[in-house]
Amino acid sequence: MEPRPTHQYDVVIVGAGGAGLRAAIEAARQGAKTALLCKSLLGKAHTVMAEGGVAAALANVDDRDNWKVHFRDTMKGGKYLNQWRMAQLHAQEAPERVNELEEWGAVFDRTKDGRILQRNFGGHSHPRLAHVGDRTGLEIIRTLQDKGIHSGIDVFMEFTVRRILISDGAVSGCVGYDREKGAFTVFNAKAVVLATGGIGRCWEVSSNSWEYTADGHALALWAGADLLDMEFVQFHPTGMTWPPSVKGTLITEGVRGEGGVLKNSEGKRFMFNYIPAMFKAEFADTEKEADEWVASVIAGKIPTARRPPELLTRDVVARAIHREVAEGRGAPHGGVFLDIATRRTPEEIKRKLPGMYHQFKQLADVDITTDPMEVGPTCHYTMGGVRVHPETQESTVPGLFAAGEVAAGMHGANRLGGNSLSDLLVFGKRAGEHAAQHAKRSAAHPRIDAAQVEECVKESLLPFERNEGENPYAISEDLQKMMQRKVGIIREDKDLREAIEAIRSLRERARHTKVGGNVQFNPGWHLALDLKNMLDISEAVARAALERTESRGGHTREDHPKTEADWGKVNLVMRLRDGNITLEHVPLEQPPAELKALLEGELSH
Amino acid sequence: MSSTAQLKIFRGDRNGGAMVDYEVPRTPGMVVLDAVHVVQATQAPDLAVRWNCKAGKCGSCSAEVNGKPKLTCMERMDKYPEGTAISIRPMKTFPVIKDLVTDVSWNYAVNKKIPPFKIKEGERKYYQYEADRVQEFRKCIECFLCQNICHVLREHQLKQEFAGPRFLVRVAGLEMHPLDTEDRTELIKDAMGVGFCNITKCCTEVCPESIQITDNAIIPLKERVADRYYDPIRWIARKVFGGNDSRQ
Ligand code: SF4
Ligand code: SF4
Ligand code: FES
């Protein structure tokens with residue numbers, strides 16, 4: 001057999017969004033020979049779409065902020081199902097990571113006294129999001145990209161990994177193909193970091209880019225690693241609903257941070273009816289008080305009023321919108337109204353939310369300085385993912401690390417806005433550092449099992465061998481529609497069981513796809529391969545969702561609407577054993593006494 | 001409501017190709033990239049096109065629509081009258097890989113030659129008015145439409161001599177960064193070849209981020225080069241007193 005082209009590296013990073021780039025920079029800084037594999041061109045990853053900001057308790061705008069408040073907000077937002085140590089490290093290290101970006105050339109918006117400006121966001125007690133207008137993700141990815149290219153990293157663009165290679169129970173590298181030629185290449189590595197992002201393309205209405213086909217989740221599952229919290233999927237409350245072309249496209253939470261309000265078809269600000277008991281103390285119960293809060297924020301003062309309920313956590317707002325629509329008080333195109341036009345001047349809107357202004361004007365013929373937007377929930381983020389060690393980000397497979405959205409634990413049952421960009425910086429760095437150290441500990445490169453490589457290549461090329469078969473696009477569309485209906489924002493037993501059945505038959509169909517053309521830059525073929533990831537991970541989500549018979553954060557059961565104390569002590573873990581996905585209840589790690597006290601008691605502001 | 005759109009899409013690779021006709025139903029709000037995706041899903045699964053965000057934020061989906069450089073994900077189909085075919089071609093300045101996908105690796109090579117940000121010691125405060133000017137340049141989504149339209153690159157293929165508007169924007173963002181201390185003037189003059197730009201402003205016209213590439217980036221850089229090489233006193237004054245890049 002002809003040997004496959006093989007590269008040798010200490011550390012291979014799969015994915016070049018914020019987490020992957022940050023990991024690569026760190027691994028290289030530790031002296032590891034590092035390769036960065038991007039599914040797209042460098043600098044195009046999904047991180048560019050992050051708009052609102054990066055959460056870090058810099059306390060530049062409100063000096064009452066500190067890591068403890070950020071930690072508490074994160075745990076509360078996650079409905080206390082987070083891995084406490086990750087939430088703690090994240091809150092403690094985020095300021096350092098943001099300041100470091102500034103040292104690398106990032107240009108954040110400024111306070112009046114020349115420091116990094118911070119804005120308010122859902123679930124954050126204080127203005128905490130460092131930002132650049134509404135294009136913070138682009139700023140972060142460009143800063144990391146420009147730093148990365150001078151860090152001695154080898155970048156392989158448009159390269160898709162199909163399998164993690166394992167020898168003697170540990171990682172030995174990975175194998176994948178480049179889009180241009182369709183040629184398979186082996187990367188022999190001492191450590192592999194997954195930084196592949198999320199799974200949002202499994203749903204019909206999604207804010208996620210084409211790359212979000214659950215690659216890293218599936219690679220980890222197939223490699224034998226544990227997945228955690230797969231039932232928790234975040235639906236962002238405000239996606240565009242019209243025209244069909246842009247259904248699901250994100251509207252930044254920043255619109256509400258800047259004073260935008262949600263209204264139903266009766267013109268009512270309905271969010272006042274949906275404030276959960278655990279948040280009652282912190283949110284305004286009258287429009288007057290909410291407006292006072294906005295007025296003082298705009299004036300640059302520290303507000304004494306409580307915040308508007310539009311800034312409740314995403315899970316709460318998304319469910320409220322869903323309910324308003326279900327009860328017949330929706331906007332014409334299946335959402336509700338988001339109004340900034342009557343709240344701020346056209347000049348302010350254009351300056352603070354230029355991207356949103358442009359997006360609506362160009363794609364929906366709506367001028368947001370004069371008219372309300374129509375918005376509805378869109379699949380946005382997965383809290384579930386690879387189960388990792390909180391300090392090192394190593395998975396349960398030695399040498400396999402994960403950081404960013406593909407890793408689980410940091411956000412518990414629901415992620416706060418702004419905590420994703422900080423997550424990927426904090427844990428990207430940690431993953432890169434520990435992957436490099438892991439590599440240093442192993443003298444020789446692990447051996448590659450050629451049979452694993454050939455099996456992967458053979459399986460990947462099957463779609464070309466069939467003369468008859470189905471178009472992969474049709475299968476992917478059916479999967480997305482099915483997941484939207486049955487494993488969407490509100491779930492129930494019957495639907496979830498039907499979803500699991502449906503996935504079985506879709507999987508059968510996916511085994512018989514046919515793609516025309518050849519291996520060179522062939523999107524139909526790429527999709528045929530991605531289907532396998534999407535189906536396996538869809539199954540994991542549906543099964544975890546069926547198992548958790550309560551409602552919490554990004555998991556809402558119509559038939560089990562209450563949050564149950566017992567379920568608050570359990571995480572669900574899934575793994576692949578003998579070709580089947582197994583499911584296990586594991587007890588939630590409990591924080592030490594001093595942090596527990598911090599969560600239970602009121603913080604000294 | 002079942003009107004249709006006629007498309008002519010380039011199909012081919014490095015060895016050549018041809019325009020192929022397709023027909024897709026028009027839907028409300030449809031953009032050119034949607035139409036390409038419909039062709040992919042229903043008629044030509046192997047049709048190659050790049051895209052990521054479908055929201056004008058990643059700069060992946062650049063192509064020439066009826067001969068004009070556009071982000072296909074932001075280009076509305078209803079701008080084009082029914083009954084006439086819309087042509088969609090890959091960017092002309094870069095070699096075709098397949099169909100609408102081009103080899104833009106040259107751009108990444110140029111970028112790598114630019115010395116990185118070098119922060120000054122000590123106080124790091126700066127103000128929004130200083131950030132504003134740099135933030136304009138940092139809006140760039142690297143769609144390379146400006147590179148595609150610039151005649152120095154498109155007609156004359158002077159890729160060895162001229163870095164192109166995208167990278168003059170990038171270097172302007174570094175040079176005008178309030179905390180940067182690197183000196184790139186020689187690079188701008190020699191390796192980046194700022195002198196090749198004859199201020200036609202075609203790049204500014206196609207920029208989807210409305211960056212004033214020529215006025216705000218290229219002309220000030222030309223001035224810096226002129227000062228350094230032909231008016232050293234002004235150059236020293238600027239080094240010492242900082243600031244003003246405009247001669248008015
Ligand atoms: S202004 Fe200069 S850079 Fe821009 S298109 Fe004209 S010649 Fe090219
Ligand atoms: S400067 Fe404008 S046209 Fe040029 S690459 Fe950047 S965004 Fe595109
Ligand atoms: S797909 Fe991202 S800009 Fe068009």
Side-chain angles (χ1 to χ4, degrees), chain A residues 40-46 48-49 102-105 107-110 112-115 117 132-133 135 137-139 142 146-147 149-150 155 157 179-180 209-211 242-246 249-250 355 358-359 362-365 471-474 477 515-518 520-525 527, chain B residues 13 27-31 33-34 37 40-42 44-60 74 76-77 97-99 101 103-105 108 111-112 114-117 119 124-131 134-135 138-142 170 173-174 177-180 210:
Chain A
S40 293
L41 294 174
L42 184 62
K44 309 290 184 200
H46 197 60
V48 299
M49 295 184 72
E102 181 158 79
E103 282 161 30
W104 295 348
V107 183
F108 290 104
D109 287 355
R110 317 307 293 175
K112 287 208 176 68
D113 64 348
R115 294 179 300 158
L117 181 62
V132 186
R135 52 162 198 89
L138 174 68
E139 184 68 19
R142 204 63 86 225
D146 291 339
K147 173 80 182 167
I149 57 171
H150 296 289
V155 179
M157 295 195 217
R179 297 173 86 72
E180 176 172 349
S209 80
W210 73 272
E211 300 183 294
W242 184 257
S245 161
V246 289
T249 300
L250 190 67
H358 192 65
Q359 186 172 312
Q362 194 147 346
L363 298 175
D365 302 317
N471 179 342
Y473 288 92
E477 202 183 305
V515 298
N518 58 33
Q520 287 166 26
F521 219 116
N522 185 337
W525 176 46
L527 182 62
Chain B
D13 55 25
T27 48
M30 190 180 217
V31 294
L33 183 62
D34 288 323
H37 281 162
Q40 238 182 10
T42 57
D46 64 336
L47 168 59
V49 59
R50 281 198 185 105
W51 70 284
N52 280 47
C53 68
K54 209 172 164 289
K57 293 180 199 298
C58 74
S60 301
M74 296 298 279
R76 292 274 294 259
M77 291 286 285
I97 289 177
K98 189 178 157 202
D99 305 336
V101 172
D103 179 353
V104 291
S105 56
Y108 288 89
N111 193 33
K112 211 167 170 170
I114 301 173
F117 177 72
I119 194 164
R124 301 229 168 118
K125 283 191 178 176
Y126 61 92
Y127 300 94
Q128 187 59 45
Y129 73 90
E130 295 172 284
V134 183
Q135 284 178 336
R138 297 183 67 90
K139 284 194 305 193
C140 171
I141 57 174
E142 298 208 318
R170 163 136 156 74
L174 287 165
H177 193 302
L179 302 182
D180 179 69
S210 310

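Sequence lines set the chain letters: A, B, ... in the order given, protein chains first and strands last, and positions in each chain run from 1.
One distance of note links CD1 of B:Ile114 with NE2 of A:His150; it measures 7.5 Å at 0.5 Å rounding. Distance check, rounded to the nearest 0.5 Å: CD of A:Glu103 to CZ of B:Arg124 gives 4.5 Å. Atom-to-atom distance recorded for B:Phe117:CZ and A:Asp146:CG is 11.0 Å, nearest 0.5 angstrom. Of the inter-residue distances, the one linking B:Met74 atom CE with A:Gln359 atom CD reads 6.5 Å to the nearest 0.5 angstrom. Note: A:Leu138 CG to B:Cys58 SG = 10.0 Å, rounded to the nearest 0.5 Å.
Residues B:Arg50 and A:Phe521 have side chains in contact (heavy-atom distance under 4.5 Å, counting atoms from C-beta outward). Residues B:Lys139 and A:Arg135 form a side-chain contact, since some pair of their non-hydrogen atoms from C-beta on lies under 4.5 Å apart. Looking at A:Leu41 and B:Glu142, their side chains never come closer than 4.5 Å, going by heavy atoms from C-beta outward.
By the salt bridge (charged side-chain N to carboxylate O under 4.0 Å, His left out) test, B:Lys98 is found to be paired with no residue, residues two or more places apart in sequence or in another chain being considered. Every residue meeting the side chain to side chain contact (heavy atoms under 4.5 Å, CB included) condition with B:Pro115, not counting sequence neighbours, appears here in chain and number order: B:Glu182, B:Arg184, B:Leu187.
Counting heavy-atom pairs closer than 4.5 Å to chain A, the top-ranked of the candidates B:Ile141, B:Asp103, B:Asp99 is B:Ile141. Chosen from B:Gly56, B:Ala41, B:Gly29, the residue pairing most often with chain A at heavy-atom distances under 4.5 Å is B:Ala41. Ranked by heavy-atom pairs under 4.5 Å with chain A, the first of B:His177, B:His37, B:Gln135, B:Glu130 is B:Gln135. With respect to chain B, the highest number of heavy-atom pairs below 4.5 Å among A:Gly524, A:Gly133, A:Ser209, A:Gly137 belongs to A:Ser209. Put simply, of B:Leu174, B:Val31, B:Val101, the one with the most heavy-atom pairs under 4.5 Å next to chain A is B:Val101.
Across every non-hydrogen atom of A:Gly517 and B:Asp46, the tightest pair is CA-OD2, 3.5 Å. When all heavy atoms are compared, the tightest approach of B:Tyr126 to A:Phe108 is OH-N, 4.2 Å.
A donor-acceptor pair is defined here as one N or O able to donate and one able to accept, closer than 3.5 Å; no such pair exists between the side chain of A:Lys147 and the backbone of B:Pro116. Between the A:Asn471 side chain and the B:Thr42 main chain, no donor and acceptor come within less than 3.5 Å of each other. Under the 3.5 Å distance criterion, the side-chain polar atoms of B:Arg76 are matched with a main-chain donor or acceptor of A:Leu363.
For a residue to count as touching a neighbouring chain, one of its non-hydrogen atoms must lie under 4.5 Å from one of that chain's; by this rule A:Trp104 touches chain B with the backbone only. With a 4.5 Å cut-off on non-hydrogen atoms, A:Glu102 touches chain B through its backbone and its side chain both. For a residue to count as touching a neighbouring chain, one of its non-hydrogen atoms must lie under 4.5 Å from one of that chain's; by this rule A:Ala474 does not touch chain B.
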